[in-house]
Protein chains: 2
Amino acid sequence: MSNQNEPDHKRSRIQIRNREKIIAAALDVFSRDGFRGATVDDIAAAADMSKPNLLYYFPSKESVYEALLKGLLTDWLAPLQELDADGDPMVEIAAYIERKIELARDYPRESRLFANEMLRGAPILKDVLTSDLKHLVDGKATVLRDWSNAGQIAKVDPYHLIFAIWASTQHYADFDVQVRAVLGDDGEGRFNDAARFLRSLFLDGLRPR
Amino acid sequence: MSNQNEPDHKRSRIQIRNREKIIAAALDVFSRDGFRGATVDDIAAAADMSKPNLLYYFPSKESVYEALLKGLLTDWLAPLQELDADGDPMVEIAAYIERKIELARDYPRESRLFANEMLRGAPILKDVLTSDLKHLVDGKATVLRDWSNAGQIAKVDPYHLIFAIWASTQHYADFDVQVRAVLGDDGEGRFNDAARFLRSLFLDGLRPR
DNA sequence: TGTTGCCTTGACCGGATGGTCAAATCGACG
DNA sequence: CGTCGATTTGACCATCCGGTCAAGGCAACA
């Protein structure tokens with residue numbers, strides 16, 4: 001996943017490289033241990049540098065965390081962004097679910113990072129949630145409602161439909177231990193089974209009637 | 001929610017009362033701040049006693065956390081436990097979803113507590129997940145599969161059906177900030193809307209065809 | 001080779017935090 | 001009341017951790 005946040009004008013090659021190294025290491029550590037559980041020393045070690053050196057590039061632990069979250073946000077919301085009002089409703093919804101499952105499979109650390117932030121009450125992202133996220137969801141909810149009204153999908157609450165897709169896909173990243181405990185370690189098989197199940201659940205559940 | 005874990009034989013009235021007070025306070029603090037973020041002082045203050053006094057009743061912070069989690073486990077799994085193989089499939093599934101939504105509404109702290117534990121990789125509950133939880137889910141998955149084979153519900157993977165119900169209901173407790181950010185503060189209205197949506201999604205999605 | 005400015009780090013600081021301990025207080029019972 | 005075990009706590013300790021600082025390394029350029 002890409003991660004360019006701040007404008008990198010005015011930054012030397014070394015600064016760009018080291019900030020990237022730090023952010024990459026931070027994703028590993030924060031997603032594993034949570035904000036409170038992660039230590040600056042851990043992140044520095046994972047980035048293969050000393051703690052004071054890390055703090056030369058970022059003023060604080062929280063600033064690393066914030067840069068990480070905000071840098072990932074666009075990528076994280078891209079799948080919903082791509083939901084196309086002009087496409088075929090069932091195809092669009094199926095594709096959205098597919099993209100979200102792939103995200104849970106390929107970027108579980110990002111998913112857990114956001115889950116952690118939400119559980120904490122989103123102290124860093126709260127503002128973004130009520131502005132950017134809300135606007136995005138409002139827009140796509142309108143698209144879904146239009147499809148409903150046009151009889152192309154069942155008449156359902158579009159907001160809760162979006163929540164259900166989020167929850168049921170991210171579950172495979174956020175609750176990975178639990179899923180593995182129940183299913184046993186199965187390579188990546190569970191993602192295919194989940195995709196098949198969710199596709200049939202949502203497509204049949206949303207079939208206009 | 002009830003919470004009796006250890007046998008309370010051999011415990012004085014005061015011991016029972018104070019252990020309960022501590023566990024109740026711990027639920028508040030751990031569910032809000034996570035295991036790492038919670039401090040013994042916070043829990044003691046919430047239980048209205050001194051830190052050494054708390055540590056007179058429990059040997060460590062982790063032991064409080066463990067007693068709390070294990071004490072809630074039975075209650076937490078009760079809704080699935082109640083899924084009745086002899087009932088009408090659609091009615092049973094609808095009732096299960098209803099119970100889970102009520103749990104998310106009425107016991108969000110418990111939901112977030114478990115979510116936190118899962119995100120951490122379930123260091124305390126791992127064993128319980130692979131034994132008790134797995135056996136419970138295996139049993140109920142068999143019930144669901146039988147219903148599938150009897151043509152009473154659609155042919156779907158019963159494990160992923162259970163995961164989807166878990167995820168889509170618990171979402172309203174665990175991601176409460178996000179839900180509120182998108183929907184606005186709406187009293188408890190979102191729970192009714194969610195229940196209605198999920199009922200129609202799952203019942204239509206599982207209708208045998 | 002000397003100078004300059006960016007980069008790196010060992011050593012350290014202060015506050016937070018989990019846990020201990022000895023002493024004080026309480027309360028049930030003789 | 002007096003005794004004794006249960007309960008409670010102020011003071012304390014060791015460690016962890018975020019963050020600072022002064023000094024040292026290093027690369028580019030004159």
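Predicted model only: the values in this text are computed from it and were never measured. Order of the sequence lines sets the chain letters (A, B, ...), proteins ahead of strands, with each chain counted from 1.
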| said: Pick the closest DNA chain C nucleotide for Asp41(B) and for Leu54(A) by heavy atoms, then say which residue is nearer the 5' end. | reply: Leu54(A)

d([atom1], [X]; [atom2], [N]) in whole Å:
X        : N       : atom1 : atom2 : result
Asn18(A) : dC26(D) : CG    : C1'   : 14 Å
Glu62(A) : dC17(D) : CD    : C1'   : 15 Å
Phe35(A) : dC17(D) : CZ    : P     : 13 Å
Lys61(A) : dC16(D) : NZ    : P     : 15 Å
Met49(A) : dG19(D) : CE    : P     : 16 Å
Arg17(B) : dT8(D)  : CZ    : C1'   : 13 Å
Arg19(B) : dA6(D)  : CZ    : C1'   : 16 Å
Ile14(B) : dG5(D)  : CD1   : P     : 17 Å

| request: Measure from NZ or CZ of Lys61(A) to the centre of the six-membered ring of Phe35(A) and say whether it is under 6.0 Å with the direction within 45° of the ring axis. | output: yes

| query | Would Arg105(B) count as a cation-pi partner of Tyr172(B), with NZ or CZ less than 6.0 Å from the six-membered ring centre and within 45° of the ring normal? | reply | no

| Contact boundaries of DNA chain C with chain A (under 4.0 Å, heavy atoms), 5' to 3'? | dC6(C) to dT17(C)

| task | Ignoring backbone atoms, establish whether Tyr56(B) has a side-chain N or O less than 4.0 Å from OP1 or OP2 of dT8(D). | result | no

| Can you check whether Gln15(B) has a side-chain N or O nearer than 4.0 Å to OP1 or OP2 of dA6(D)? | no

| request: Step through the shown structure and confirm whether more than 12 heavy atoms of other residues, nucleotides or ligands are within 6.0 Å of CZ on Arg145(B). | output: no

| task | Check the angle between the aromatic planes of Phe163(B) and His160(B) and answer parallel, tilted or perpendicular using the 30° and 60° thresholds. | result | perpendicular

Nearest to the [X] side chain among [options], which nucleotide is it?
X        : options                  : value
Lys51(A) : dT9(D), dG18(D), dT7(D)  : dG18(D)
Thr39(A) : dC17(D), dT9(D), dC21(D) : dC17(D)
Tyr57(B) : dG18(D), dT7(D), dT20(D) : dT7(D)
Leu55(A) : dT8(D), dT20(D), dG18(D) : dT20(D)

For [X], which contact category applies under a 4.0 Å heavy-atom criterion: base, sugar-phosphate, or nothing?
X        : answer
Phe58(B) : nothing
Ala44(A) : nothing
Arg13(B) : nothing

salt_bridge([X], [Y]) N-O dist < 4.0 Å:
X         : Y         : answer
Arg190(B) : Asp176(B) : yes
Arg196(A) : Asp193(A) : yes
Glu117(B) : Arg120(B) : yes

| Check: Gln178(B) and Phe114(A) side chains under 4.5 Å, non-hydrogen atoms | no

